[in-house]
Amino acid sequence: MINPEFSLPLAVPLRFFRTAPLWLLLAGVLFLLEPSTVLSSRHAPEALALTHALMLGFAGNIMLGALLQVAAVVAGVRAARAGLAGLMVWLGLQLGVALLVAGLWFMQPLLLQGAALSLSLTLLPLAGWLFVRLCRSPACDPTSTGLAFSVLALVTTVLLGSALVLVLTRGAALPFAALLRQHVLWGSAGWAGMLLTSVAVTVVPMFLVTPPWPAKLVRLLVPGTFLLLLAMLCWPVLMPLLVLPAAALVLPLWRLLQQSKRCVDPARWLWAWGGLNLLLVFGLSPWQAEDGILDAVVLGGQFLLGGLLPIFTAMLGKIIPFLLWLDYRRQRPLAGPLRHMGQLFPERWLKYLGWLALVAGLCWPWGGVAATAAGGVLLVYALLLLGMLRQACCKAVAALVV
Amino acid sequence: MTITAVLQQQHRDCDSLLASAEAAARRRDWAACASVTQSFISDTEAHFRLEEESLFPAFEAATGMSGGPTQVMRMEHAEARSLMAGLGEALAARDADDFAGCCETLLILLQQHNLKEENILYPMCDRTVPDCLQELP
């Protein structure tokens with residue numbers, strides 16, 4: 001019989017969450033250094049470097065931290081030496097992202113190859129181990145199943161990214177445009193989209209006290225998205241169908257949010273705004289791919305600033321203070337100065353971050369000066385989040401010694 | 001009907017009461033808040049006692065797993081009880097922010113606790129100690 005372990009050492013997810021805003025800060029600085037170059041083409045080296053600082057550095061750290069935490073809580077999956085394993089994965093990810101961002105910005109083959117090696121050696125074994133453990137877990141809920149599929153999408157994204165590095169640096173005879181399209185699809189709709197869906201199935205009812213998601217929908221949504229992505233490997237013409245899983249996620253999400261019993265929670269409108277942007281981006285993306293009517297940089301940026309950023313804000317504003325509080329309580333089981341997590345991360349902080357995420361998502365699509373302003377907002381967001389996380393951690397430590 | 005289904009419904013009922021108590025505190029309706037908080041604490045305590053005095057011992061006896069998942073669940077019950085005491089103190093002081101903070105923390109604590117029970121522990125109980133279903137209300 002499996003004896004599930006339900007928790008990770010706090011340092012494992014927290015290290016990923018605290019590193020994420022540093023990459024956001026770097027992305028903001030890089031963007032403000034070369035705003036016109038970044039906005040001119042998604043293939044510009046600067047735009048590619050910025051994209052990976054955001055998607056792999058910022059979003060990747062948050063998603064990996066969340067994946068490890070949720071897999072432990074929901075499916076009872078954790079490594080025997082979780083602290084050491086978590087540290088190795090964190091180091092490999094940061095090294096890989098740093099090499100990738102520098103390699104793309106300066107177009108240095110050696111750095112790009114080092115990045116591919118570091119990311120493959122870090123993420124592929126992690127994904128393989130997680131997939132096997134998730135499949136063996138006694139949990140058979142939609143979140144656990146969805147995590148297993150999103151891990152497969154992560155493997156595909158990494159393999160496609162490594163193949164792109166081979167094309168760029170060694171002239172490998174592979175179809176670059178097709179690989180790039182699939183890399184973007186598996187990274188956004190696959191790894192990010194399926195992980196977000198799997199986590200949303202659990203955390204939306206959990207944090208916002210909504211009715212459960214429609215059972216059939218949540219059982220089929222992630223496997224269906226995975227099958228659609230597989231089909232698109234052979235028939236890219238199916239890309240417009242990506243709006244279907246996006247709509248199947250967002251439309252019920254809005255209904256659940258309307259039925260939430262925690263109406264004043266700012267996380268509610270952050271989920272709603274993020275969902276709207278994800279639906280718009282996946283609905284419009286076929287038109288940028290084929291005839292260039294819509295700007296790929298605008299859509300890609302909106303996926304992150306309008307879609308992921310508000311949702312990540314909503315989740316981080318709950319998960320981090322809760323984990324800090326829980327760790328504090330484990331060390332001081334009896335009464336102490338920290339009664340609840342709001343003392344570590346007040347609700348008004350979540351509102352400040354939420355407003356900044358909203359402004360960034362509203363400014364970005366207009367391009368030019370407005371998009372540059374969105375970059376400035378991102379900088380402020382990153383600095384504020386860093387400061388808030390530092391303060392919350394300091395308060396938790398200080399409470400232990402009172 | 002399964003152990004999972006019966007106890008899952010108890011979880012949902014308690015979640016609902018806690019959310020109502022928080023909403024009442026945020027609108028400073030202290031009379032309603034006191035009444036709903038009392039119902040929440042009483043229902044949650046009854047649920048915890050049922051698990052600690054009946055379900056967990058049966059599961060431990062059947063599987064020999066006395067230091068594993070059930071021990072984690074008991075620890076989390078203790079943390080929840082401490083937060084429920086905090087709710088009572090915030091209610092007595094008519095401190096809406098403190099009450100909302102305790103509510104949100106308790107809600108997340110209970111939700112992640114419930115997930116572990118509903119996804120792993122209860123299905124294990126359904127397999128190993130199905131007779132316990134007769135003892136559930």
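In what follows, chains are A, B, ... by sequence order, proteins preceding strands, each numbered from 1.
Closest of all the heavy-atom pairs between I120(B) and S137(A) is CD1-OG, 4.4 Å. Residues P205(A) and Q111(B) approach most closely at O-OE1, 4.4 Å, considering heavy atoms.
Heavy atoms closer than 4.5 Å to chain A are found in both the backbone and the side chain of S16(B). With a threshold of 4.5 angstrom between heavy atoms, L109(B) approaches chain A through its backbone and through its side chain. Looking at F207(A), the atoms closer than 4.5 Å to chain B (heavy atoms on both sides) sit in the backbone and in the side chain alike. For a residue to count as touching a neighbouring chain, one of its non-hydrogen atoms must lie under 4.5 Å from one of that chain's; by this rule E347(A) touches chain B with the side chain only.
Between K318(A) and E104(B) a salt bridge is recorded (basic side-chain N to carboxylate O distance below 4.0 Å).
Atom CZ of R94(B) has more than 12 heavy atoms from other residues, nucleotides or ligands within 6.0 Å. Atom CZ of R74(B) has more than 12 heavy atoms from other residues, nucleotides or ligands within 6.0 Å. Atom CH2 of W129(A) sits in a crowded spot, with more than 12 heavy atoms from other residues, nucleotides or ligands closer than 6.0 Å. Few gaps surround CZ on R12(B); more than 12 heavy atoms of other groups in view lie less than 6.0 Å from it.
The shortest side-chain heavy-atom distance between R262(A) and R26(B) falls under the 4.5 Å cut-off. Counting heavy atoms from C-beta outward, W325(A) and L83(B) have side chains that approach closer than 4.5 Å. The closest side-chain heavy-atom distance from R339(A) to T105(B) is not below 4.5 Å.
Here V209(A) is the residue among T143(A), V209(A), T202(A) with the most heavy-atom pairs under 4.5 Å with chain B. Interface check for chain A: of the options D98(B), D15(B), D97(B), L115(B), the most heavy-atom pairs under 4.5 Å are formed by D98(B). In terms of heavy-atom pairs under 4.5 angstrom with chain A, the leader among A100(B), A23(B), S82(B), A85(B) is S82(B).
Judged by distance alone, the side chain of N119(B) and the main-chain N or O of V74(A) form a donor-acceptor pair under 3.5 Å.
The NZ atom of K261(A) sits 11.0 Å away from atom CG of L18(B), with the distance rounded to the nearest 0.5 Å. With rounding to the nearest 0.5 angstrom, the CE atom of M206(A) is 10.0 Å from the CG atom of L110(B). Taking CD of Q112(B) as the start and CG of L326(A) as the end, the distance is 6.0 Å to the nearest 0.5 Å. Of the inter-residue distances, the one linking I108(B) atom CD1 with H340(A) atom NE2 reads 12.5 Å to the nearest 0.5 angstrom.
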